[in-house]
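All of these numbers come straight from a predicted model, not from anything done at the bench. For reference, positions follow the sequence shown, starting with 1. Computed over heavy atoms, backbone and side chain alike; hydrogens, waters and symmetry mates excluded.
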Amino acid sequence: MRIVLLGPPGSGKGTQAARLVEKLGIPHISTGALLREAAAQGTELGLKAKEISDKGELVPDDVVLDMLEERLHQPDVKAGFILDGYPRNLAQAESLEKVLERIGQPVDEAILIDIDAEQIVQRIAKRAREEGRADDTEETVRNRLRVYAEQTAPVADFYAQRGLLTRVMGDGPIEEILQRILSVLNIEHGND
Ligand code: AMP
């Protein structure tokens, strides 16, 4: 199964993706995590990307696409994937469609985790305390929400036009949100 998880920063995409990995046994591909890894390794590209990310802006499309393509060519992707943090704009949605077509792995489901801005600010403040991410300061969060509204929100329409989009309410406990996602995927939620 090939799933794209959409939703504003702080909507819980990463958390849900981790739970879905346990359930479905397919890899979680997070472009944010790939970029953070590159930065931690201190590569020139990684450090440049970090400067941009720390301001809450999007890293250039070609940089992220290269990184993503490399990941998509690894053998574990044959089983499917949960993509989180990509696509972030319409150009990326189009690139992704082409790449996946080439490898014969088109998206099966795009799931948008819907949540209001006030809840996001609270969640991100909590994550900042717990994980200490440099892009979780209040000013950056505000910028990331603006970038999301302007550039990423239209990606939902891209998938809606292809009949692939389902919206899931992102409020409530993690387990309840997971249940909503699993029912979209027609998967029963066990007690494990
Ligand atoms: P995330 O972990 O998905 O919240 O991503 C953290 C940051 O990494 C974002 O605010 C962007 O600066 C950068 N980033 C992650 N994914 C992308 C992408 N698909 N395109 C551009 N920048 C990205």
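Nearest heavy atoms, Tyr86 versus Ser95: OH-CB, 4.0 Å. When all heavy atoms of Ser53 and Val59 are compared, the closest pair comes out as OG-CG2, 3.7 Å. Nearest heavy-atom pair, Asp84 versus Gly14, reported as atom, atom and distance to 0.1 Å: OD2-CA, 3.5 Å. Of all heavy-atom pairs between Ala49 and Leu35, the closest is CB-CD2, 3.8 Å. Residue Val21 comes nearest to Ile26 through the heavy atom pair CG2-O, 3.5 Å, listed as atom of the first residue, atom of the second, then distance. In plain terms, the two heavy atoms of Leu145 and Pro9 that are nearest each other are CD2-CG, 4.0 Å.
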field: CA sep, side-chain torsions, deciding dist, call: Asp157, Leu90, side chain to side chain contact (heavy atoms under 4.5 Å, CB included)
entry: CA-CA 9 Å; Asp157 297 331; Leu90 285 175; over 6 Å; no
- prompt: For Leu83 and Val107, what are the C-alpha separation, side-chain angles and deciding distance, and is it a side chain to side chain contact (heavy atoms under 4.5 Å, CB included)?
  reply: CA-CA 10 Å; Leu83 192 51; Val107 169; over 6 Å; no
- request: Before giving the answer on side chain to side chain contact (heavy atoms under 4.5 Å, CB included), spell out for Val4 and Leu96 the whole-Å C-alpha distance, their side-chain angles and the decisive distance to 0.1 Å.
  value: CA-CA 11 Å; Val4 169; Leu96 179 67; 4.3 Å; yes
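A continuous path of hydrophobic side-chain contacts links Tyr159 to Leu112 [ILVMFWY only; heavy atoms under 4.5 Å]. Residues Ile120 and Met169 do not share a hydrophobic cluster, defined by chaining ILVMFWY side chains whose heavy atoms lie under 4.5 Å apart. Criterion: ILVMFWY side-chain heavy atoms under 4.5 Å apart, direct or through other members. Under it, Ile187 and Ile3 are part of a common hydrophobic cluster. Hydrophobic cluster membership differs between Leu100 and Met1, with clusters built from Ile, Leu, Val, Met, Phe, Trp and Tyr side chains linked at under 4.5 angstrom. Both Leu164 and Ile29 are members of a single hydrophobic cluster when ILVMFWY side chains are connected at heavy-atom separations under 4.5 Å.
Not one N or O on the side chain of Thr140 forms a donor-acceptor pair closer than 3.5 Å with the backbone of Gly56. Put simply, the side chain of Asp108 gets close to the backbone of Arg2: a donor and an acceptor are under 3.5 Å apart. The backbone N or O of Asp114 lies less than 3.5 Å from no partner atom in the side chain of Arg167, so there is not a single donor-acceptor pair. In this structure, the side chain of Gln16 engages the main chain of Ile174 through a donor-acceptor pair within 3.5 Å.
Every side chain to side chain contact (heavy atoms under 4.5 Å, CB included) that Ala91 has, sequence neighbours left out, goes to Asp61, Asn89.
Applying the 6.0 Å contact sphere to CD of Glu44 captures no more than 12 heavy atoms from other residues, nucleotides or ligands.
Side-chain contact between Leu20 and His28 is absent, with no heavy-atom pair separated by less than 4.5 Å. Thr31 has its side chain out of reach of Met67: every pair of non-hydrogen atoms, C-beta onward, lies at least 4.5 Å apart. Glu69 places a side-chain heavy atom less than 4.5 Å from the side chain of Arg102. Residues Ile52 and Pro60 are in side-chain contact: their nearest non-hydrogen atoms beyond the backbone lie under 4.5 Å apart. At least one side-chain heavy atom of Glu57 sits less than 4.5 Å from a side-chain heavy atom of Arg146. With a 4.5 Å cut-off on side-chain heavy atoms, Val64 and Leu58 do not count as touching. Counting heavy atoms from C-beta outward, Gln92 and Leu65 have side chains that stay 4.5 Å or more apart. Within the 4.5 Å cutoff, the side chain of Ile177 has no heavy atoms near those of the Thr15 side chain.
A distance of 4.5 Å separates CG of Leu178 from CG of Leu182, quoted to the nearest 0.5 Å. The OG atom of Ser30 sits 10.5 Å away from the CG atom of Leu68 when rounded to the nearest 0.5 Å. Between Asn143 atom CG and Asp54 atom CG the span is 12.0 Å, to the nearest 0.5 Å.
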Do any side-chain atoms of residues 74-81 form donor-acceptor pairs under 3.5 angstrom with protein atoms, and if so which ones, sequence neighbours left out?
| unit_1 | atom_1 | unit_2 | atom_2 | d |
| --- | --- | --- | --- | --- |
| Gln74 | OE1 | Arg71 | NH1 | 3.2 |
| Asp76 | OD1 | Arg71 | NH1 | 3.0 |
| Asp76 | OD2 | Arg71 | NH2 | 2.7 |

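Between Glu51 and Lys55, none of the side-chain N atoms (NZ, or NE/NH1/NH2) sits under 4.0 Å from a carboxylate O, so this pair counts as no salt bridge.
The cationic group of Arg162 lies under 6.0 Å from the six-membered ring centre of Phe158 and within 45° of the ring axis, placing it in a cation-pi geometry.
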